[in-house]
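Reviewing the structure listed below.
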There are 2 protein chains.
Amino acid sequence: MDPETRFNELIQRLRQRQCRLTPQRIALIRVLTSSEDHPTAAQLYDRLRAQFPTMSLGTVYKTLDLLFEMGEVLEISVSDGAAHYDGRKPFPHPHLICIRCRKIRDAESSLAENMTLEITQTSGFRIVGHRLDFYGLCPDCRQAE
Amino acid sequence: MDPETRFNELIQRLRQRQCRLTPQRIALIRVLTSSEDHPTAAQLYDRLRAQFPTMSLGTVYKTLDLLFEMGEVLEISVSDGAAHYDGRKPFPHPHLICIRCRKIRDAESSLAENMTLEITQTSGFRIVGHRLDFYGLCPDCRQAE
DNA sequence: GTGCTTGCAAACAGTTTGCAGATAG
DNA sequence: CTATCTGCAAACTGTTTGCAAGCAC
């Protein structure tokens with residue numbers, strides 16, 4: 001899905017929920033949907049402040065929480081403290097996380113869906129989300145070794 | 001693997017590393033290997049303090065870090081702040097996490113290994129670990145709905 | 001005896017909260 | 001006009017760090 005479509009989708013969802021469409025929220029959704037990487041709250045805050053000096057970190061957190069509760073944003077916790085966010089693919093999918101440079105990439109796997117199905121059927125849980133994180137050295141960092 | 005065997009294995013690994021076998025470390029490994037659930041550092045501390053009043057939370061963290069770096073303990077980050085630890089199955093495996101009662105259970109899946117293989121081959125990453133967490137409502141909490 | 005380990009307390013980082021003032025609808 | 005939202009700052013939580021005293025080897 002291209003960023004523009006996703007942007008409009010999120011705006012639409014907020015409208016449905018009768019949430020106020022403040023400039024801050026619109027700007028955050030803009031940045032979130034156009035980010036190729038998986039930024040932390042602080043990184044989003046930095047990117048926003050450049051073009052939106054009045055934005056505050058607290059508002060970033062509040063808006064991310066709102067979108068998270070709506071199921072429109074994925075929270076990825078790497079073991080580096082801060083949570084990372086993915087607003088482009090709200091459906092779960094595997095991530096590749098480099099243990100050296102901390103970069104996060106999306107991974108494709110045909111088996112992810114089947115595994116979710118298998119677990120759903122055998123566990124008795126009603127599954128509402130999953131996180132599939134793979135840790136390792138990315139190609140760049142392997143060379144640097 | 002039964003708790004006793006795993007306990008001895010961990011003690012052995014520490015010896016190999018020439019680490020001191022202090023009473024604190026032995027007690028923590030005892031609790032860790034006999035825990036059916038996935039306790040946080042604070043929970044481990046509470047369980048230890050009962051029979052070991054001099055134990056400090058800092059030591060719990062330091063010992064967990066040591067075992068984690070040795071690859072003998074899994075760190076599971078739920079989105080509830082604190083990290084949970086699993087010392088019984090150091091090889092990665094899927095976890096089921098209840099979003100209501102926060103309980104964490106082990107899940108079995110035949111596909112987990114294949115998926116890891118697939119990702120390893122297509123990503124260019126050298127994979128050293130993975131985390132497969134499934135979020136949902138456990139059978140108990142589904143009934144309570 | 002040596003140097004790793006502990007316990008304590010202070011420091012730290014990320015996140016959450018409370019509230020007065022601002023503003024979208 | 002009103003209820004929601006923002007911005008700020010203080011509070012909180014989990015974790016890390018530094019260092020003197022203790023103890024495994």
Problem set entry | DNA chain D: 5'-proximal contact among B:Cys19 and A:Thr22 (nearest heavy atom) |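 Result of the comparison: A:Thr22.
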Exercise. Hey, which of these two, B:Gln24 or B:Tyr61, hits DNA chain D nearer its 5' end, going by closest nucleotide?
Worked result: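 Nearer the 5' end of the strand: B:Tyr61.
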To the nearest Å, how far apart are [X] [atom1] and [N] [atom2]?
X	N	atom1	atom2	result
B:Leu57	C:dA10	CG	C1'	14 Å
B:Ile29	C:dT5	CD1	P	12 Å
A:Leu21	C:dG25	CG	P	5 Å
A:Phe52	D:dC5	CZ	C1'	12 Å
B:Tyr45	C:dC8	OH	C1'	10 Å
B:Glu75	D:dT15	CD	P	8 Å
A:Arg15	C:dA24	CZ	P	14 Å
A:Met55	D:dC8	CE	C1'	14 Å

Exercise. So, are A:Arg49 and A:Asp46 salt-bridged, with charged N and O less than 4.0 Å apart?
Worked result: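 Salt bridge between A:Arg49 and A:Asp46, a charged N being under 4.0 Å from a carboxylate O: yes.
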Exercise. Which distance, rounded to the nearest 0.5 Å, do you find between the CD of B:Glu36 and the CG of B:Asp106?
Worked result: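 If we round to the nearest 0.5 Å, B:Glu36:CD and B:Asp106:CG are 9.0 Å apart.
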Return the nearest nucleotide to the side chain of [X]; candidates are [options].
X	options	answer
B:Arg25	C:dT15, C:dT5, D:dG7	C:dT5
A:Lys62	D:dT17, C:dG18, D:dG14	C:dG18
B:Ala82	D:dG14, C:dG7, C:dT15	D:dG14

Exercise. Between A:Arg105 and B:Ser123, is any side-chain donor less than 3.5 angstrom from a side-chain acceptor?
Worked result: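 Their side chains do not contain a donor-acceptor pair, so the 3.5 Å distance test is not met.
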For this session: Would you tell me whether B:Thr122 and A:Glu108 have side-chain atoms, one donor and one acceptor, within less than 3.5 Å of each other?
Result: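 The criterion, which ignores hydrogens and geometry beyond distance, is not satisfied for A:Glu108 and B:Thr122.
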Exercise. Are B:Arg20 and D:dC23 close enough that a side-chain N or O sits under 4.0 Å from OP1 or OP2?
Worked result: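 The answer is no; no side-chain N or O of B:Arg20 sits under 4.0 Å from OP1 or OP2.
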What does [X] touch in the nucleic acid at a heavy-atom separation under 4.0 angstrom: a base, only the sugar-phosphate, or nothing?
X	result
A:Ala42	nothing
B:Thr54	sugar-phosphate
A:Pro53	nothing

Problem set entry | Distance-minimising heavy-atom pair for A:Arg88 and A:Ser35 |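 Reported closest heavy-atom pair: NE-O, 3.0 Å.
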